[in-house]
Amino acid sequence: MINDIKRLKEEKNAVILAHYYQLPEVQDIADFIGDSYALSKQAANTSADTIVFCGVHFMAETAKLLSPDKTVLLPEIDAGCPMADRITAAQLAAYKAKNPDRTVVCYVNSTAGVKALSDVCVTSSNAEKILAHYKDHKILYVPDKNLGNYAKRKYNLDLEAWPGFCCIHNDLTVELVDAMREKHPEAAFIVHPEAPLDVLDKADYIGGTKGLIEFVKQSPYKRYIVGTEEGILHQMRKEAPDKDVVVLTPELRCYDMKKTTLESVHRALKTDTYAIEVDSSVAAGARRAIDRMMALSEQ
Ligand code: 13P
Ligand code: SF4
């Protein structure tokens, strides 16, 4: 299967991109593994004709927005992100009609329709920087209330957070953290900003997936209690083999991220499924929000 994936990849001049939450065997056949931001940049800059995106729908859609002339394949068409579905373009349009003075900042975990109605997009790796850049604005942040409220407090922003959340990270509790800290008193607790504020307050480090991996590689702690999706442990162990990483709870498993298998990657390459298209009525607007993110992020 792996050899055939490699053969098909060559034949089609394809590249396989995978998020850190993918199954270990899927991460291992990828040409590039990364967080939402790095994967977007890879998609924008690749010379491949086909991008096989091992992740969830909004990620493949963002890749298609950035590389509209390429074929972007999502191996499992129903691999979605429940957080992205917490706001529709119609809901955002209605909010904007009532609140025309708010600058709309959308998390990349959103649909192209929502991005098209937003002033700028952000990912976990640049959200703080970009939100702080808009500190003199009245902001609406969609759809993640946890990341939004965290940045609001940290930078003293006039920010309204849409009441959306990631069903995996939002379930983390201080009780879970306290119990694990008791078990591993010497460990650092590190967490993704999609977790609730009281859980973030317990952390030694808060960051997106790339930031979490870098922290494990660079900080002096030997053991880490990891408050994000368990797929990330695979790369942490590869990149920091001398460190010990444990997931905060086995419940930290994103079922949508885990839908993609070697079999579905193989099928994707063999049958060109499932090709992602973006409605032309929203593509230009969504691209504008992503381009603005790229420009602000690199500043
Ligand atoms: P990152 O941008 O940190 O990779 O996060 C993506 C995501 O879906 C987190 O739940
Ligand atoms: Fe979406 Fe949460 Fe899964 Fe990330 S972990 S893709 S935010 S449901």
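Just so you know, ligand 1 is whichever comes first in the structure, and atom 1 is the first atom listed for that ligand. Worth knowing before you read on, the calculation uses all heavy atoms, side chains too, and leaves out hydrogens, waters and symmetry mates.
- With hydrogens and angles disregarded, no donor-acceptor distance shorter than 3.5 Å links the side chain of S264 to the backbone of T260.
- Note: Y95 and W162 have perpendicular aromatic rings, judged against thresholds of 30 and 60 degrees for the angle between ring planes.
- With 3.5 Å as the limit, one finds no donor-acceptor pair spanning the side chains of N109 and D144.
- Side-chain contact check for V122 versus V108: every heavy-atom pair is 4.5 Å or farther apart.
- Put simply, the residue from I190, V191, T173, I225 that forms a side-chain contact (heavy atoms from CB on, under 4.5 Å) with L248 is I225.
- Under the 30°/60° scheme for interplanar angles, the aromatic rings of F215 and Y224 are found to stand perpendicular.
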For ligand 1, find each of its N or O atoms that sits under 3.5 Å from a protein N or O atom, and tabulate the pairs with distances to one decimal place.
{"from": "ligand 1", "atom 1": "2 (O)", "to": "S36", "atom 2": "N", "distance (Å)": "3.4"}
{"from": "ligand 1", "atom 1": "2 (O)", "to": "S36", "atom 2": "OG", "distance (Å)": "2.7"}
{"from": "ligand 1", "atom 1": "2 (O)", "to": "S124", "atom 2": "OG", "distance (Å)": "3.1"}
{"from": "ligand 1", "atom 1": "3 (O)", "to": "S124", "atom 2": "OG", "distance (Å)": "2.6"}
{"from": "ligand 1", "atom 1": "3 (O)", "to": "H192", "atom 2": "NE2", "distance (Å)": "2.9"}
{"from": "ligand 1", "atom 1": "3 (O)", "to": "T209", "atom 2": "N", "distance (Å)": "2.9"}
{"from": "ligand 1", "atom 1": "3 (O)", "to": "T209", "atom 2": "OG1", "distance (Å)": "3.3"}
{"from": "ligand 1", "atom 1": "4 (O)", "to": "H19", "atom 2": "NE2", "distance (Å)": "2.6"}
{"from": "ligand 1", "atom 1": "4 (O)", "to": "S36", "atom 2": "N", "distance (Å)": "3.3"}
{"from": "ligand 1", "atom 1": "4 (O)", "to": "T209", "atom 2": "OG1", "distance (Å)": "2.6"}
{"from": "ligand 1", "atom 1": "5 (O)", "to": "H192", "atom 2": "NE2", "distance (Å)": "3.4"}
{"from": "ligand 1", "atom 1": "8 (O)", "to": "N109", "atom 2": "ND2", "distance (Å)": "3.2"}
{"from": "ligand 1", "atom 1": "10 (O)", "to": "E194", "atom 2": "OE1", "distance (Å)": "2.8"}
{"from": "ligand 1", "atom 1": "10 (O)", "to": "E194", "atom 2": "OE2", "distance (Å)": "3.2"}

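- Sorted by chain and number, the protein atoms of type N, O or S within less than 2.8 Å of atom 2 (Fe) of ligand 2 are C166 SG.
- Judged by a 6.0 Å distance limit and a 45° cone about the ring axis, R86 is positioned over the six-membered ring of F165.
- Once rounded to the nearest 0.5 Å, the distance linking OG of S36 with NZ of K41 reads 13.5 Å.
- Residue H137 is tested with T103, D158, D119 for a side chain to side chain donor-acceptor pair (under 3.5 Å); the sole match is T103.
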